[in-house]
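Sequence positions, counted from 1, serve as the residue numbers for this chain.
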Amino acid sequence: MAAGTTRKISAASARAHTRKPKATAPKFGGIFKKILFVCFVGFVAWAYQATQPPPPNTCGSKNGPTATASRIQLKDGRHLAYKEYGVPKDNAKHKIVFVHGFDSCRHDASAITAHLSPEIVESEGVYIVSFDRPGYGESDPNSKQTVKSIAYDIEELADQLGLGQRFYVVGFSLGGQIVWTCLKYIPHRLAGAALIAPAVNFWWQGIPSNLSAEAYKQQLPQDQWALRVAHYTPWLNYWWNSQKLFPGFSLIAQSPLVLSNQDIELIPRIRSIREEYQAQVRQQGEFESLHRDLAFAFGKWEFDPTGLENPFSGSGVSVDLWQGEEDKIAPVELQRFIANQLPWINYHELSGAGHMFPFADGIADSVIKQLLAGNKGL
């Protein structure tokens, strides 16, 4: 009988046959990456949506507020609503365009008209027209608004209403800031101008950085952030001023923290005037009115008002800047600097006055009398 063949097995081969198969690890890494990616995409979509303002609730549109005011149609198709005061236009010797401020409308010419002496109106033949700036009240929004465009809106309004070759402009607060654009772009149309507590852009290059920084730090912390957003990232204006995590711009919230002692005393008088039309101011949407205003006032300007040369040299036209000493909204330190830089500006600083001083007794008369007196030579 033949002997059986002995098979030799190496130690390495034996280990290979006896080793248990390695367990496959669950593929959690791939699943986690997918979840993370989906969350990222969702966040980006949410963030994009949060920065997109709602469509404008345009006055006169299918679902918008009813147009009740007198309106003109501009060359680009937009409508401007306006309101007239004083003597009939055809009998007027002095025709004034009033430019309202932030969170206001055409009715807020009351800053001047509510306490303007009837004797001055009649004896001087004063006619005043106030208009809703784009996006406010019953004027169509202007998504293409620039520093220059608002001056040309004013010029076209004057032409369509037949105000003549020259007219006056008076602006209050942010409306006062807009008067600078008229002085820059349509000075040949002006018989005179008054800037009442005009808003100041902290980023105008002509203002020394230390002076601007000091005035900026005097603003409420929440306003400092809102102004930064308006200047550096205006496309975030809607989100910043509608989100609830941090406080937004104090003037939008109508906070009393930015009011001086005189302002607080005047508030009951102002509220009694505005209560009839307050709801009209923002009726087309806060983005189209308030948020666009912030981007305009504190964004990048096409020119620096502190470097303006006198456009009326030798013509007899005067420009007056009125400022309250205790104004917490438009810093008096910056107004003093601007007035010093522009010696052709007549600067009037009112002791103890805040931002709302035009509503105080006698102020409207002083502003209008000074405006007209400075232009008797025309």
[X] vs [Y] side-chain heavy atoms within contact, under 4.5 Å:
X	Y	value
Leu190	Cys182	yes
Met356	Gln262	no
Phe287	Pro141	no
Tyr168	Val97	no
Trp225	Phe249	no
Ser289	Arg133	no
Phe167	Ile96	no
Ile154	Ile178	yes

Option passing salt bridge (Lys or Arg N to Asp or Glu O under 4.0 Å) with Asp132 (candidates Arg71, Arg78, Arg106):
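Exactly one candidate clears the test, Arg106.
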Regarding [X] and [Y], does a basic nitrogen lie under 4.0 Å from an acidic carboxylate oxygen?
X	Y	answer
Asp159	Arg189	yes
Glu286	Arg282	yes
Lys144	Asp76	no

Using 0.5 Å steps for rounding, measure from the [atom1] atom of [X] to the [atom2] atom of [Y].
X	Y	atom1	atom2	answer
Ile150	Asn142	CD1	CG	8.0 Å
Ile252	Gln222	CD1	CD	10.5 Å
Leu80	Leu74	CG	CG	4.0 Å
Ser260	Glu265	OG	CD	8.0 Å

Looking only at the aromatic ring of each residue, does the gap between the centers of [Y] and [X] stay below 6.0 angstrom?
X	Y	result
Phe172	Phe98	no
Trp240	Phe246	yes
Tyr136	His100	yes

Checking side-chain polar atoms at under 3.5 Å, does [X] have a donor or acceptor matched by the opposite partner on [Y]?
X	Y	value
Tyr347	Glu349	yes
Trp203	Tyr232	yes
Ser117	Glu119	yes
His355	Asp327	yes
Asp304	Gln205	no
Asn310	Ser313	no
Asp140	His79	yes
Glu325	Ser351	yes
Ser130	His107	no

For the backbone of [Y] and the side chain of [X], can you confirm whether one donor and one acceptor N or O come within less than 3.5 Å of each other?
X	Y	answer
Ser250	Ser255	no
Thr146	Ser149	yes
Asp223	Gln219	no
Gln284	Gly137	yes
Lys95	Ala158	no
Gln177	Pro198	no
Ser315	Phe312	yes
Thr181	Val179	no

Are Tyr185 and Glu302 close enough, and set up right, to give a side chain to side chain donor-acceptor pair (under 3.5 Å), and what steps lead you there?
CA-CA 11 Å; Tyr185 296 114; Glu302 300 160 10; 3.1 Å; yes
List the atom of Cys105, the atom of Tyr277, and the distance in Å for their closest heavy-atom pair.
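Looks like SG-CD1, 3.7 Å.
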Between Asp361 and Arg269, does the salt bridge (Lys or Arg N to Asp or Glu O under 4.0 Å) criterion hold? Intermediate values first, please.
CA-CA 11 Å; Asp361 293 338; Arg269 174 181 292 187; 2.9 Å; yes
Determine whether more than 12 heavy atoms belonging to other residues, nucleotides or ligands lie under 6.0 Å from atom NZ of Lys369.
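Not more than 12 within 6.0 Å, no.
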Can you label the angle between the Phe296 ring and the Trp301 ring as parallel, tilted or perpendicular, going by 30° and 60°?
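Correct class here is tilted.
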Please evaluate residues His94 and Tyr127 with respect to the criterion ring-ring contact (aromatic ring centres under 6.0 Å, His included), reporting the C-alpha separation (whole Å), side-chain torsions for both, the decisive distance (0.1 Å), and the verdict.
CA-CA 6 Å; His94 303 286; Tyr127 163 89; over 10 Å; no
